[in-house]
Protein chains: 2
Amino acid sequence: MPRKSTKLSRPPAGSGDHVSAARGEMPASNRATRALERRAAIVEAAMEEFIGRGFAATRLDDIAKRAGVAKGTIYLHFKDKESMFEELVRIVIVPVVARLTALPPPTGSVRDLIEAFAGNFLKEVIGTRRGDLVRLIVAEGPRFPAVADFYYREVVSRGIAAMRGLIELGIARGEIRQKDLARYPQILVAPAMIAVIWQSLFARHAPLDAQDMLRVHLDLIFGERRTT
Amino acid sequence: MPRKSTKLSRPPAGSGDHVSAARGEMPASNRATRALERRAAIVEAAMEEFIGRGFAATRLDDIAKRAGVAKGTIYLHFKDKESMFEELVRIVIVPVVARLTALPPPTGSVRDLIEAFAGNFLKEVIGTRRGDLVRLIVAEGPRFPAVADFYYREVVSRGIAAMRGLIELGIARGEIRQKDLARYPQILVAPAMIAVIWQSLFARHAPLDAQDMLRVHLDLIFGERRTT
DNA sequence: TGACCATGACTGACTAGTCAGTCATAAATG
DNA sequence: CATTTATGACTGACTAGTCAGTCATGGTCA
């Protein structure tokens with residue numbers, strides 16, 4: 001069979017990756033700025049469409065329309081649909097990782113650290129467009145090894161490592177009993193991930209109080225807290 | 001003429017649906033039997049293709065080819081691509097739910113019960129084709145409200161209810177300390193779900209010993225076990 | 001039993017439509 | 001005005017769904 005698109009080629013070297021700064025209106029500006037604005041608009045629109053319909057079912061015409069741009073313009077910024085998708089994931093994920101990685105200085109207890117982390121995650125990801133992106137990655141990952149690899153490398157493995165560090169610290173300080181937990185940091189983050197997926201799929205059936213759930217989960221790991 | 005049935009086309013004789021599909025061999029059989037075999041072959045093939053490429057990217061020609069059947073034959077069994085997908089989910093999910101629901105008689109401790117449950121889940125779902133189906137539902141759910149509804153109704157809400165029952169029993173018997181856990185049975189199943197997704201996405205990067213992880217998680221909830 | 005149809009399951013070439021990607025042309029810019 | 005950037009009509013590849021025709025199957029009858 002002439003199976004042609006099985007390629008999934010590498011990103012074309014030449015594409016920049018900043019996601020513009022000024023997301024507002026203001027028609028007037030110099031060329032470079034306007035180009036950046038357009039690029040940002042395309043990224044925004046593509047994100048929306050890909051999340052809403054998945055990769056294969058998304059039409060570039062729709063992205064163009066939503067971005068207020070002609071279809072040809074998209075090809076001034078991205079090589080093709082596939083690499084647009086892959087870049088999109090990078091563009092959106094990278095800043096989030098950066099922000100979540102910027103841990104608050106390790107002042108309080110390990111529980112406080114993790115709680116701060118969970119708070120950020122709650123605010124930045126769960127129930128947001130970015131949460132939907134995570135679902136999208138889960139959905140399309142197998143068909144986009146490049147995306148799955150990137151996500152594993154940049155997000156998952158780092159996240160797991162960071163969590164393992166915190167768990168070991170917690171064990172060392174006596175805050176965490178279960179020593180085996182350090183072997184499976186996945187257990188620590190599992191409810192957060194489930195919350196992301198739940199909100200994305202079942203929010204309409206049965207909304208989930210993610211914040212409260214995460215608190216209960218931390219109580220499970222650290223022991224109940226006397227007060228709030 | 002395509003079959004007339006409204007929503008659910010049923011196999012002529014209402015028997016169970018085995019997924020055997022002896023491909024190509026054994027021409028002998030009566031008509032009805034062969035039809036059933038073909039239907040099963042189509043379901044099997046469709047499952048494989050949908051899991052591998054997602055709904056939108058799957059070609060009916062490929063399903064037909066894999067099933068060893070002409071494209072037109074598919075339309076003798078299913079109304080169209082969409083309802084084929086929706087039926088597929090039902091066909092595959094229902095027997096699994098049935099089997100998992102058939103709990104072993106409540107003999108031992110709550111921990112034993114849950115461990116048995118987890119063992120089943122491990123064997124029946126994690127790392128299997130059915131696990132991939134779960135990922136597929138997560139992927140396509142938002143675009144198939146009928147599928148998401150069905151899955152929530154038949155699998156999620158039941159599962160949550162069952163787990164809540166077990167947790168409350170565990171609390172009543174003093175096996176589980178954390179009373180709040182009953183409010184979020186999701187916490188109990190989260191690692192299992194994560195394991196499903198992990199195996200589906202990251203097995204090649206970092207295989208996960210799901211069984212061991214679940215054990216550690218149960219230790220967290222029930223307290224460490226003295227021996228195996 | 002063996003010959004002979006009637007049935008309908010099955011086929012696959014075909015239609016009508018979709019959509020990624022192109023490129024000649026137009027607009028904006030400096 | 002020369003050059004860069006944007007446009008959207010267009011093309012070619014691809015695919016869901018159709019349907020006229022085929023022929024194995026199972027029933028009927030001498």
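Throughout, a chain's letter reflects where its sequence line sits, starting with A, and its residues are numbered from 1.
The distance from atom CD1 of B:Ile42 to atom C1' of C:dC10 is 11 Å, rounded to the nearest whole Å. Atom CZ of A:Phe78 is separated from atom P of C:dG21 by 13 Å (rounded to the nearest Å). Taking atom CZ of residue B:Arg38 and atom P of nucleotide C:dA9, one finds them 12 Å apart after rounding to whole Å. As rounded to whole Å, 16 Å separates atom C1' of D:dT5 from atom CZ of A:Arg39. In this structure, the CD atom of B:Glu49 is 11 Å from the P atom of D:dA16, given to the nearest Å. Rounding to whole angstrom units, CZ of residue B:Arg53 and P of D:dT15 are separated by 9 Å. When the C1' atom of C:dA9 is taken as reference, atom NE2 of B:His77 falls 8 Å away, rounded to whole Å. The distance between atom NZ of B:Lys81 and atom P of D:dG17, rounded to the nearest whole Å, is 8 Å.
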Notebook entry, point to check: Which is it for B:Arg39 and B:Glu87 under the salt bridge (charged side-chain N to carboxylate O under 4.0 Å, His left out) test, yes or no, and what are the steps along the way?
Noted result: CA-CA 12 Å; B:Arg39 189 187 161 89; B:Glu87 270 197 70; 3.2 Å; yes
Item checked: Chi angles and distances behind the salt bridge (charged side-chain N to carboxylate O under 4.0 Å, His left out) call for B:Asp62, B:Lys65 -> CA-CA 5 Å; B:Asp62 288 347; B:Lys65 190 147 105 173; 5.6 Å; no
Margin query: If you apply the rule salt bridge (charged side-chain N to carboxylate O under 4.0 Å, His left out), what do you find for B:Glu37 with B:Arg34, and how did you get there?
Written below: CA-CA 5 Å; B:Glu37 282 174 2; B:Arg34 299 223 338 154; 5.9 Å; no
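The shortest distance between the side-chain N/O atoms of B:Arg59 and the OP1/OP2 oxygens of D:dG17 is not below 4.0 Å. OP1 or OP2 of D:dG26 has not a single side-chain nitrogen or oxygen of B:Arg34 nearer than 4.0 Å.
Ring geometry for A:Tyr151 versus B:Phe202: interplanar angle under 30°, hence parallel rather than tilted (30 to 60°). Between B:Tyr152 and A:His205, the ring planes are parallel. Angles under 30° get that label, and only those over 60° would be called perpendicular.
Contacts with DNA chain C (heavy atom under 4.0 Å) in residues 63-75 of chain A: A:Lys71, A:Tyr75, listed by number.
Nearest-nucleotide mapping onto DNA chain D: of A:Asp61 and A:Leu76, the residue sitting toward the 5' end is A:Leu76.
Closest to the side chain of A:Leu60, out of C:dA20, D:dG17, C:dT11, is C:dA20.
At a cut-off of 3.5 Å, with distance as the only test, a side-chain donor of B:Arg135 or B:Ser200 sits close to an acceptor on the other residue.
For A:Glu124, the CD atom sits in a packed shell: over 12 heavy atoms of surrounding residues, nucleotides or ligands are nearer than 6.0 Å.
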